[in-house]
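Below is one structure, written out as structure tokens; the observations come after it.
For this chain, numbers begin at 1 and follow the sequence in order.
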Amino acid sequence: MRAFVPGGVLGWRRAASAALARSLASLFGALLAIAVSSTTAHAISQGCANLGSFLDNIAPFGFGGGDSQSYVGSFDAGETLTLTYTRTGSRNFSFIEFSFTPPMTAVTRTSAELGPGATNLTLTIPSTGGPYTVGWRVGTNNEFAGDVIVSVVCTAAPPPPPVDDSTTTALASSLNPSDVGESVTFTATVRSPAGTPTGTVTFLNDGATLGTAKLSAGVARLETSDLPVGRHPITARYNPTGAFDPSASPVLDQLVNADDADSERLDQMATLTTKIVAQTSGQSMQGAVDTALDDAFSGANTFTGDTTGFYMSVGGAPPSVRALDILGFDRRAGDSPADRTFSSLLGPTRGSHAADPVDPAAAGNWRVWTSARNTWWDSDVATGDVRGSQANMLVGFTYVVTPALAAGVFGGYETFEYNSRPLDARLAGSGWTGGGYLGWKFLPAYRFDVAVAGTALDYSGEAGRAAGTFAGSRLFLTTGVTGSHTLGALKIDPSVKLYALWERDRGFTDTLGTAHDDRSFSTARLSGGLKVAYPFQTGGQVAIEPFAGVYADYYFSQDDGQPTAVDAIRDGWSARFIGGLSVTSRAGVRASLTGELGGIGQGGAPHGAIRGSLGVPL
């Protein structure tokens with residue numbers, strides 16, 4: 001395209017200079033070059049692109065007395081137009097200029113003297129307006145201008161910086177968990193580095209549309225009260241307008257509970273009772289392991305019989321066991337200084353003598369044992385008024401490696417049922433256990449032991465109209481030190497013991513549709529005390545050992561579940577008493593029966609138990 005401003009070709013129409021102009025054009029045609037270039041960092045405007053074809057239509061020329069050329073084009077913001085006029089002759093020209101029609105906001109006219117050499121004028125197209133007629137003119141003060149070379153360069157505007165149109169969508173709930181029929185408002189917030197997003201947000205429940213809301217200042221809200229009981233995966237999906245990218249929120253798990261207090265009471269019953277179940281199992285396993293190691297290190301099958309009785313070894317150097325004779329108690333005492341001191345307390349006529357020599361029978365290394373314990377719990381109202389019973393049955397094998405080292409394995413089954421009158425709730429279940437133990441006599445009269453076991457559990461609970469089942473897993477650990485001393489005819493066993501249990505119960509949904517979360521807790525007991533036994537023999541074939549003990553227990557626990565107003569297992573100190581009878585045959589078969597009363601005081605909860613055990617050497 002080619003255009004001329006009014007009066008722009010007056011110099012060409014002068015009749016007097018027409019012939020000279022043609023001659024000069026021919027003479028300097030080789031010197032006159034019109035060069036056009038375009039740099040394109042990105043797509044250029046129509047004005048920049050078409051400028052070259054415009055200049056192609058301008059023949060090499062010489063002019064005088066002023067001349068002008070013009071071009072109409074639509075330029076993009078930021079494009080640069082550079083005009084270079086080079087003088088090749090000896091004449092100076094008065095001025096050069098370029099102008100814009102319509103006038104630009106920022107620049108209306110730029111001009112300069114054209115001295116020797118090159119004069120460059122640069123035009124930057126403003127960001128508003130257009131298209132423009134861009135004209136340039138050379139003034140010569142009526143002198144000929146045939147020795148001028150014109151160069152025009154149009155440079156495209158640099159590309160704009162890249163725009164990050166990405167978005168992120170966040171989702172929040174006004175109430176979580178909520179009850180069925182309760183109003184919940186979901187709020188989606190959409191953000192972008194490119195600005196405030198516009199468009200809509202679709203809210204979905206497990207992929208199904210709940211509704212759509214329009215964004216206002218980047219926020220969209222949806223209110224609903226129609227969610228049924230259960231757990232609902234809610235997401236928000238942004239539907240953009242303009243250049244923004246779509247996005248979706250992470251899943252929000254909305255929990256809707258049944259509006260029923262029975263589900264809450266069922267949850268409280270599980271929280272209260274599972275600790276009782278764990279504590280009962282811990283006491284059963286600790287007692288069974290203690291008895292198994294007592295049996296392993298007692299030499300229970302090393303007897304010799306005669307007309308007056310037989311010998312049972314206990315702890316390495318025990319007294320002889322003779323027929324029960326209360327009046328002759330001192331005659332059963334040993335001859336150590338401690339024995340003589342104890343005997344002297346019984347009166348001046350009492351005497352003492354050394355233990356009878358014995359000839360122990362050969363002993364095997366294996367022992368098989370079984371233990372059964374039934375426990376009754378009866379907590380008060382302050383601890384939930386939980387009542388019930390639990391049976392734990394265990395079977396194990398012990399291998400006596402050396403007189404100072406024994407190890408074994410055991411397994412068992414437990415079953416339980418508890419109820420709470422204030423909660424009108426019940427919890428029952430069962431579990432299977434497997435584990436191992438180790439005992440080491442690091443001193444002649446002291447033994448260290450440790451045992452580990454795992455239990456898989458199945459629970460079943462109900463509270464009013466709410467009922468449900470859930471699984472659990474438990475880890476058991478016990479360790480401690482037990483001593484064995486003799487004082488006259490008495491056997492005294494001091495001990496310090498610790499057991500701990502860690503349990504994880506899986507979440508479940510009850511019959512009312514209420515979801516109950518996973519729960520983990522731990523509970524433990526530290527004990528210290530002593531047991532006193534008085535062994536004697538009757539009939540020459542059986543040894544009888546009545547015993548009694550007293551212990552101080554400290555209970556402590558931790559629970560990550562929902563807190564309850566009461567706790568069935570209270571942290572703190574309490575007292576525990578045991579009593580029972582052990583019977584050992586000449587063949588080494590040992591049976592025992594133990595009664596226990598614990599939880600007397602602040603710690604734990606009141607409970608009673610009876611445990612029977614049987615060990616047979618192999």
Listed partners of [X] passing side-chain hydrogen bond (donor to acceptor under 3.5 Å, both in side chains), at least two apart:
X    : result
S281 : Q390, N392, E414, R474
Y459 : E503
Y238 : none
E182 : none

Can you see which heavy atom on [X] is nearest to which on [Y], and at what distance?
X    : Y    : value
A463 : A425 : CB-CB, 3.8 Å
T398 : A296 : CG2-CB, 3.8 Å
P233 : V251 : CB-CG1, 3.6 Å
Y418 : G388 : CD2-CA, 3.5 Å
W502 : S522 : CD1-CB, 3.6 Å
A471 : D458 : CB-OD1, 4.3 Å

Could you check whether [Y] and [X], counting side-chain N and O atoms only, form a donor-acceptor pair closer than 3.5 Å?
X    : Y    : answer
S263 : T514 : yes
S613 : S592 : yes
S557 : D571 : yes
K497 : T482 : yes
E223 : S183 : yes
T375 : R373 : yes
T291 : W369 : no
T455 : T433 : yes

Is [X] salt-bridged to [Y], going by a charged N under 4.0 Å from an acidic O?
X    : Y    : answer
R519 : D267 : no
R590 : D294 : no
R426 : E417 : yes

Are [X] and [Y] side-chain neighbours, meaning at least one heavy-atom pair lies under 4.5 Å?
X    : Y    : answer
I578 : K531 : yes
W432 : L457 : no
V400 : W366 : no
D449 : W440 : no
V450 : Y437 : no
I492 : T486 : no
Q279 : Q283 : yes
V452 : L475 : yes

Candidates R504, R231, R506 - the one meeting salt bridge (Lys or Arg N to Asp or Glu O under 4.0 Å) with D517: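 When salt bridge (Lys or Arg N to Asp or Glu O under 4.0 Å) is applied between D517 and each of R504, R231, R506, only R231 qualifies.
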Give, for atom [atom1] of [X] and atom [atom2] of [Y], the distance between the pair rounded to the nearest 0.5 Å.
X    : Y    : atom1 : atom2 : answer
D385 : R421 : CG    : CZ    : 4.5 Å
D262 : D510 : CG    : CG    : 9.0 Å
S371 : L394 : OG    : CG    : 6.0 Å
D559 : T523 : CG    : OG1   : 9.5 Å
N419 : T273 : CG    : OG1   : 8.5 Å
F297 : K441 : CZ    : NZ    : 7.0 Å

Main-chain N/O of [Y] paired to [X] side chain as donor or acceptor, under 3.5 Å:
X    : Y    : result
T509 : G513 : no
T511 : A467 : yes
D518 : G507 : yes

Hey, mind stepping through D553 and S527 against side chain to side chain donor-acceptor pair (under 3.5 Å) and telling me if it holds? CA-CA 4 Å; D553 298 329; S527 302; 2.6 Å; yes
Would the number of heavy atoms belonging to other residues, nucleotides or ligands and lying under 6.0 Å from CZ of R191 be above 12?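 It does not: R191 CZ has 12 such atoms or fewer within range.
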Identify each donor-acceptor pair in which a side-chain atom of residues 202-212 lies under 3.5 Å from a protein atom, sequence neighbours left out, and give them as a table.
{"unit_1": "T202", "atom_1": "OG1", "unit_2": "T212", "atom_2": "OG1", "d": "3.3"}
{"unit_1": "T202", "atom_1": "OG1", "unit_2": "N239", "atom_2": "ND2", "d": "2.9"}
{"unit_1": "N205", "atom_1": "ND2", "unit_2": "H232", "atom_2": "ND1", "d": "3.4"}

Passes side chain to side chain contact (heavy atoms under 4.5 Å, CB included), L427 versus T274? Steps please. CA-CA 9 Å; L427 186 74; T274 48; 4.2 Å; yes
Would you kindly check if the NZ (Lys) or CZ (Arg) of R525 is within the cone defined by 45 degrees around the ring axis of Y499 and under 6.0 Å from the six-membered ring centre?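 The answer is no; the distance or angle limit is not met.
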With under 30° as parallel and over 60° as perpendicular, where do the rings of F470 and F508 fit, or are they tilted in between?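 Ring orientation, 0 to 90° scale: parallel.
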Show me the donor-acceptor pairs, under 3.5 Å and distance only, between side chains in residues 166-174 and residues at least two apart or in other chains.
{"unit_1": "S166", "atom_1": "OG", "unit_2": "D164", "atom_2": "OD1", "d": "2.7"}
{"unit_1": "S166", "atom_1": "OG", "unit_2": "D164", "atom_2": "OD2", "d": "3.4"}
{"unit_1": "T167", "atom_1": "OG1", "unit_2": "D245", "atom_2": "O", "d": "2.7"}
{"unit_1": "T167", "atom_1": "OG1", "unit_2": "S247", "atom_2": "OG", "d": "2.8"}
{"unit_1": "T169", "atom_1": "OG1", "unit_2": "S247", "atom_2": "OG", "d": "2.7"}
{"unit_1": "S173", "atom_1": "OG", "unit_2": "L175", "atom_2": "N", "d": "3.2"}
{"unit_1": "S173", "atom_1": "OG", "unit_2": "L175", "atom_2": "O", "d": "3.2"}
{"unit_1": "S173", "atom_1": "OG", "unit_2": "Q254", "atom_2": "OE1", "d": "2.8"}
{"unit_1": "S174", "atom_1": "OG", "unit_2": "T185", "atom_2": "N", "d": "2.8"}
{"unit_1": "S174", "atom_1": "OG", "unit_2": "T185", "atom_2": "O", "d": "3.4"}

How far apart are the C-alpha atoms of R265 and D424, what are their side-chain angles, what is the distance that settles it, and do they pass the side chain to side chain contact (heavy atoms under 4.5 Å, CB included) test? CA-CA 8 Å; R265 290 189 288 109; D424 188 22; 3.7 Å; yes
